[in-house]
Structures are given as structure tokens and as C-alpha cells.
Amino acid sequence: MSRKVSPEQARRIAVRAQLLDGSASGVLDTVRRLGSLQLDPIATVATPQHLVLFSRLGTYDTAELDRLLWVERKLFEWNAFVYPIESLPLIRALMRRSRRAATHSWDRRRKEFLRQNAGFRRYVLRELERRGPLLSRELEDRAAERRGEHRWFGRRQVAQMLEALHRIGEVAVVGRRSGQRLWDLADRWYPESDLVTPREAERALAEQRFRALGVRLEKGEWLAHPDVSDEPVPDRITVLSPFDRLVHDRDRAEALFGFRYRLEMYVPAAKREYGYYVLPLLAGDRLVGRVEPRFDRKTRELAVLGAWGDTSRLEEALKPLTAFLRRNA
């Protein structure tokens, strides 16, 4: 049962729940304890998934994430997140619900796209069954004609079809080739799993999120998950990805740390919108500043373009990150 805690306790609990206290022990254990790991291809410094793991593990073998996903299959990818295979029954319940969902505009757009492109859908599934796994470029675009370009997928609609089928559990990401996703039939990739209702899945995933976040704010009071300690956090400094669950919700981060993670106005619009370049600094249980780094993969050097806040320990945080990036460039 959750308990009320002070803001000071809430900060310590949040940091400990996110394994930023030095307690993480390996890629698989970290993903299991966090519940999920967000994916993104942007890698101005490093991809968010690798930065999140680095922030908890320090230097580690980045190839281990691929092994766990594509060889050992102890992790799987869905909807731009990596999950432990134990969560597959819960995610499959969400896939089934997505087939019927019409609450949100994106649900309605997906259903309409699939309705208008029934023949294209059959073609994609038939080709994957016959020839898969395949890259999206190895499939013909047989979609119904549309006006203009999609904001993410452009004019070619193969990727949009694969994403739609992925969301409802008909196809799966089964690997990567030169950074591009390999697709196959979901039934051929996912193992058998228990049947869970969407409502049961939502409850279980909500509990996982609460445990991974440690605290939540309700009616102006912090409530803590009973399984997370509020003991003092070791004096440890690290750099966080903007996608890191500790800070990705800017309002929560401000309420928790009194630290508004916003970008300066002179940073270009794309950086302001997506926050790919500016990373927060965490020291113990405090967010102490922001740094805008960029890693040059030709020279294998990490350049700091700007820093804000109390960044007196910036060099301490960036040395291990620089070594990690050089090793994995």
C-alpha cells in the first residue's frame, strides 16, 4: 500500500526506483526493474536507450541489448519500447485492444488506413509469410493513393502499414540490418503466452510504472510505492537522456526537484521541441544542471557546446561518458 512521504523522501525514492543509485546490475536486470526502455534513432550523443543504460550501469557492452532482443529473445520490441519477455502477455492484451480502439484520433486514423488498404495489408502479410523477415524497402508500396506526404512516413506507405500491423500485433520487429528494422509475422516470432484481459494488463502495467517511478503526486501530496527505500542516495553524478523516465515528464520533474528542464531560446527549434541535445545532470538526489554536448564520431571527441546551472562536477560526469562513446562509436 502506498504511503505519504515528504518531498525530500520523494526525491530519494524516485532516484532509487529508477536505479540511479548505483544498484543496477546488468542490461537484462535493469530493463526488468525499469519495466521498459524507450527507443529512438536520434544519436547526436548516443541513442536514448544506450544513454539510459549508461546512466545506470556506466560503461557496458552495447551489443548485449541486441543479443537479448534478437538472439536470446529475453527482451522484445513494441511501439518504440523494449520490454522484458515476461511482459508479453500484458502487451498482447494491449495489441488486441488496439484492433478495436477508436477513442483517440490516431486509433481512428489507423483503422481507416487499414480499411482503405485491405488489399495492401493482405499483400504485406503474404510476402512476410513467404519471404520474411524483410526490410520495409523490400516490400512494394501497394497502398491507396493519398494527397501530400505523411509527416513521419512521407509518400511511401509501406512503413505506415508495417507500423499499423505492428501496433495490433500482426507483425513484429525481429532484428535490425544497418539500423533498419526487420519485420516478420508476429506469430512466427513471439512465443506462446498466457491470455490476459486488457483491463488486467492495464492494472499490471500501472503497478509496474508506479514501482519504477517510485512516487506519484496526488492532490498535492507525494505517495510512495512501498517496495522502494527512502534511504539517502550515494553521492553519484551522471548524465541523463531527455527520454529518461526520471525527467521525461517536465512538470513532474519540476514538482519533484524544483528544476525546470527547458531549453534556452537560442537553441534551434528542433532541439527545443525534441530535447535531443540538452541532457540533465543528476548528482545524488538532485538535478543540478544541463549540458549540451555533441559527439564527433570522426574525431571520437565529445564537445560541450553549452552548460547551465550548477555544473561544477560536469567533468566528472563526462569523463566516463566520453570513454563509453569512444568505445561504441
> If only atom types and distance count, is the side chain of Arg294 paired as donor or acceptor with the main-chain N or O of Glu292 below 3.5 Å?
Replying inline: no

> Any chance the side chains of His225 and Glu207 put a donor and an acceptor closer than 3.5 Å?
Replying inline: yes

> Same cluster or not: are Leu287 and Leu213 linked, directly or through other Ile, Leu, Val, Met, Phe, Trp or Tyr residues, by side-chain heavy atoms under 4.5 angstrom apart?
Replying inline: no

>> Surrounding CZ of Arg96 (heavy atoms of other residues, nucleotides or ligands, distance under 6.0 Å), is the total greater than 12?
In response: yes

> Arg327 side chain to Thr322 main-chain N or O, any donor-acceptor pair under 3.5 Å?
Replying inline: no

> Does the ring of Phe120 carry Arg142 above it, NZ/CZ under 6.0 angstrom from centre and within 45° of its axis?
Replying inline: no

>> When you measure from the centre of the six-membered ring of Tyr190, is the NZ or CZ of Arg92 closer than 6.0 Å and no more than 45° off the axis?
In response: no

> Below 4.0 angstrom, N of the basic side chain to O of the carboxylate: do Arg313 and Asp235 qualify?
Replying inline: yes

>> Would you say CZ of Arg131 has more than 12 non-hydrogen atoms from neighbouring residues, nucleotides or ligands within 6.0 angstrom?
In response: yes

> How far apart are the C-alpha atoms of Leu53 and Thr30, what are their side-chain angles, what is the distance that settles it, and do they pass the side chain to side chain contact (heavy atoms under 4.5 Å, CB included) test?
Replying inline: CA-CA 8 Å; Leu53 291 171; Thr30 299; 3.9 Å; yes

>> Against His166, only a single residue in Trp183, Phe76, Trp189 fulfils ring pair (Phe, Tyr, Trp, His ring centres under 6.0 Å); can you say which?
In response: Trp183

> Within a reach of under 6.0 Å around CZ of Arg126, are more than 12 heavy atoms found that belong to other residues, nucleotides or ligands?
Replying inline: yes

> When you check the gap from the basic side-chain N to the acidic O, do Glu112 and Arg109 get nearer than 4.0 Å?
Replying inline: no

>> Within the structure provided, determine whether Ile42 and Thr47 are in side-chain contact (heavy-atom separation under 4.5 Å).
In response: no

> When you check the gap from the basic side-chain N to the acidic O, do Glu77 and Arg176 get nearer than 4.0 Å?
Replying inline: yes

> Which distance, rounded to the nearest 0.5 Å, do you find between the CG of Leu51 and the CG of Leu321?
Replying inline: 6.5 Å

> Looking at Arg97 and Glu202, does any basic side-chain N land under 4.0 Å from a carboxylate oxygen?
Replying inline: yes

>> Check this for me, if you would: do Arg12 and Glu231 make a salt bridge, where the nitrogen-to-carboxylate-oxygen distance has to be below 4.0 angstrom?
In response: no

> Regarding Arg11 and the six-membered ring of Trp222, is the cationic atom NZ or CZ under 6.0 Å from the ring centre and inside 45° of its axis?
Replying inline: no

> Between the main-chain N or O of Pro48 and the side-chain N or O of Asp40, is there a donor-acceptor pair closer than 3.5 Å?
Replying inline: no

>> Do the side chains of Arg181 and Glu163 get close enough for a salt bridge, i.e. N-O under 4.0 angstrom?
In response: yes

> Salt bridge check: are Asp285 and Arg16 linked by an N-O gap of less than 4.0 Å?
Replying inline: no

> Is the count of non-hydrogen atoms from other residues, nucleotides or ligands lying under 6.0 Å from Glu218 atom CD greater than 12?
Replying inline: yes

> So, Arg137 and Gln180: side-chain donor and acceptor under 3.5 Å apart, yes or no?
Replying inline: no

>> Assess, by modelled atom type and distance only, whether the side chains of Ser105 and Asp107 contain a donor and an acceptor separated by less than 3.5 Å.
In response: no

